[in-house]
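Each chain gets a letter, A, B and so on, in the order the sequences are listed, and its residues count up from 1.
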Amino acid sequence: MPYANQPNLKLTELTEENVKFQISDTDLSVANSLRRVFIAETPTLAIDWVQFEANSTVLFDEFLAHRVGLIPLTSDESVEKMQYSRDCTCPDFCVDCSVEFTLDVKCSEDVTRNVTTADLKSTDPRVVPATSKRDEEPPDDNDNEILIVKLRKGQELKMRAYAKKGFGKEHAKWNPTAGVAFEYDPDNSLRHTLFPKPEEWPRSEYSELGESDQHQAPYDPDGKPNKFFVNVESCGSLRPENIVLMGIAILKKKLSDLQTQLSHEVQNDALAIN
Amino acid sequence: MNAPPSFESFLLFEGEKKIIVEQDTKVPNAAIFTVNKEDHTLGNMIRCQLLKDPNVLFAGYKQPHPLEHKFILRIQSTPAYSPHDALMNAITDLISELSLLEERFRDAVREKREGLE
């Protein structure tokens, strides 16, 4: 390991939705690549194929399919074991590459019937729509279920759907994060930002200036971004610590695949020349 | 209307190679690597790591056009070393750095969990 960094990590907060940590002794490029990977390349499950048997609702088919695709599905246990549908050897869909969902609601009362994620039935009990109160209290109130469509008396919605593995680069529905907060140099000692009036700007929570009158730290011309403050907020499909771990694993895999392809390429060149 | 399918940003075309190596003839010991279906996530990280190597005289990357999903990486090294070796070492260093980070994160999560219970 001639010139590798030895990064240090300090975990400040870990809840069901958030993980807050600080990475130090690494480069800005590595921290940024991690941020990009958490958002766009960490795989989750989301509905990607919908077939309608009956739809007499006020929303048209594609509208409902779009909404249902955006519902976050708990992917923690299953997504790593599943294959991408395009790589799977089965002809259409199978248990290894998809999870089947059904929705069958007909409104027969005079009252408006709300079709929510509670009505979306999964064939795999580990992959269900993510709502706030999953393992904690039992569902006393259905306030946290996501509303899909409202039905009037006589309207019906019946559909089949398959959830597939994918990641944010292909479509935002596969993005496991609600947001990734990323900060470095909270007191602007590197002057990467130039404030016309530094006193107007609120102080960062990571600032070391405390109560002093200074609004920015003194200029450090030889400084390099060293400490990065990250807060990964999950949307419910993956636990936040899983987002980070799977993200790092995906980044390592991309690098090692590139290394393998590079060595093949050079071997082929060597064979061609000789 | 003309939007290409979004999976084109990461799936290689038929017969397309992931990485193509060309020798740069203008200066000695230089090569241009074209990496297909990758973006700044890899490009910036690899470039930064290459610049840390004292045997690397030049390292730079660019994405020729944002609608074409590839980047080119130009590396010039000292005569005793080759650009290909520099790239292999840079990638190895990055993988080891990420492995260390992963291990430290797992330990930190475990400690946090034990602390909470």
Side-chain angles (χ1 to χ4, degrees), chain A residues 1-15 19 21 23 25-37 39-41 84 86 166-167 169-172 239-242 244-245 247-266 268-269, chain B residues 5-12 17-23 33 35-36 38-56 69 82 84-85 87-113 115-116:
Chain A
M1 300 205 298
Y3 311 104
N5 295 320
Q6 313 262 24
N8 277 312
L9 197 135
K10 183 172 145 192
L11 198 75
T12 44
E13 191 185 308
L14 178 64
T15 66
V19 61
F21 55 94
I23 316 182
D25 307 324
T26 185
D27 290 319
L28 180 57
S29 60
V30 171
N32 189 42
S33 290
L34 281 172
R35 183 191 63 87
R36 287 173 68 99
V37 156
I39 295 172
E41 310 240 21
Y84 290 99
R86 63 186 102 94
F167 45 88
K169 241 182 170 182
E170 190 172 354
H171 193 282
R239 298 186 64 90
E241 64 272 15
N242 285 345
V244 178
L245 288 169
I248 299 177
I250 295 280
L251 194 51
K252 280 203 302 185
K253 180 166 188 300
K254 275 159 81 82
L255 284 165
S256 68
D257 286 348
L258 189 63
Q259 207 172 30
T260 336
Q261 291 299 324
L262 180 62
S263 59
H264 286 329
E265 192 57 28
V266 172
N268 285 342
D269 273 352
Chain B
S6 49
F7 55 73
E8 267 188 25
S9 62
F10 51 88
L11 288 182
L12 288 164
K17 291 193 200 166
K18 186 75 185 176
I19 184 164
I20 301 172
V21 187
E22 279 163 18
Q23 290 301 316
F33 300 85
V35 183
N36 284 313
E38 286 295 345
D39 60 2
H40 305 279
T41 306
L42 276 194
N44 197 23
M45 230 180 30
I46 297 175
R47 175 197 63 97
C48 240
Q49 185 64 33
L50 281 165
L51 286 173
K52 287 201 215 146
D53 188 344
N55 289 319
V56 166
H69 306 278
S82 88
H84 165 255
D85 290 333
L87 184 56
M88 292 292 262
N89 286 337
I91 298 178
T92 312
D93 286 347
L94 284 170
I95 295 175
S96 68
E97 179 179 346
L98 290 171
S99 299
L100 181 60
L101 191 65
E102 188 178 15
E103 193 190 312
R104 292 201 170 154
F105 186 78
R106 273 189 216 278
D107 292 341
V109 168
R110 202 168 11 96
E111 275 174 32
K112 195 81 176 180
R113 286 248 160 82
L116 286 171

Q: By a 4.5 Å heavy-atom criterion (distance strictly below it), what part of Val30(A) contacts chain B: side chain, backbone, both, or neither?
A: both
Q: Quick check on the interface: out of Lys18(B), Arg47(B), Glu8(B), who has the most heavy-atom pairs with chain A under 4.5 Å?
A: Lys18(B)
Q: What part of Leu28(A) is in contact with chain B, defined as an atom under 4.5 angstrom from a non-hydrogen atom: side chain, backbone, both or neither?
A: neither
Q: Hey, which of Leu116(B), Ile46(B), Asp39(B) has the most heavy atom pairs under 4.5 Å with chain A?
A: Asp39(B)
Q: Any idea which heavy atoms bring Ala90(B) and Gln49(B) closest together, and the distance?
A: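 Minimum heavy-atom separation between Ala90(B) and Gln49(B): O-CG, 3.5 Å.
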Q: Hey, does Leu101(B) have a side-chain heavy atom less than 4.5 Å from the side chain of Arg104(B)?
A: no
Q: Does any heavy atom of chain B fall under 4.5 Å from the side chain of Arg86(A), the backbone, both, or neither of them?
A: side chain
Q: So do Lys17(B) and Glu265(A) actually touch side chain to side chain, heavy atoms under 4.5 Å?
A: yes
Q: Between Glu41(A) and Lys169(A), is there a salt bridge with N-O shorter than 4.0 Å?
A: yes
Q: If you count heavy-atom pairs under 4.5 Å between each of Asn89(B), Leu98(B), Val109(B), Asn44(B) and chain A, which one has the most?
A: Leu98(B)
Q: Name the region of Glu102(B), side chain, backbone, both or neither, that has any atom closer than 4.5 Å to a heavy atom of chain A.
A: both
Q: With a 4.0 Å cut-off, would you call Asp93(B) and Lys52(B) a salt bridge?
A: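 Salt bridge flag = no for Lys52(B) with Asp93(B).
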Q: Answer with side chain, backbone, both or neither: which region of Thr12(A) has an atom nearer than 4.5 Å to a non-hydrogen atom of chain B?
A: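 Only the backbone of Thr12(A) comes within 4.5 Å of chain B.
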Q: Any idea which of Leu11(A), Leu262(A), Asp27(A) has the most non-hydrogen atom pairs under 4.5 angstrom with chain B?
A: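 That would be Leu262(A).
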Q: Check Lys112(B) with Glu13(A), please: is the shortest side-chain N to carboxylate O separation under 4.0 Å?
A: no
Q: For Arg113(B), which atoms come within 4.5 Å of any heavy atom of chain A: side chain, backbone, both, or neither?
A: side chain
Q: With the side chain counted from C-beta on, respond yes when Val19(A) and Phe105(B) share a heavy-atom pair under 4.5 Å apart, and no when they do not.
A: yes
Q: Need one label for Gln261(A): side chain, backbone, both or neither, based on atoms under 4.5 Å from any heavy atom in chain B.
A: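 For Gln261(A), heavy atoms of backbone and side chain both lie under 4.5 Å from chain B.
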Q: Would you please name every residue forming a side-chain hydrogen bond (donor to acceptor under 3.5 Å, both in side chains) with Asp257(A), sequence neighbours left out?
A: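 Asp257(A): side-chain hydrogen bond (donor to acceptor under 3.5 Å, both in side chains) contacts with Lys253(A).
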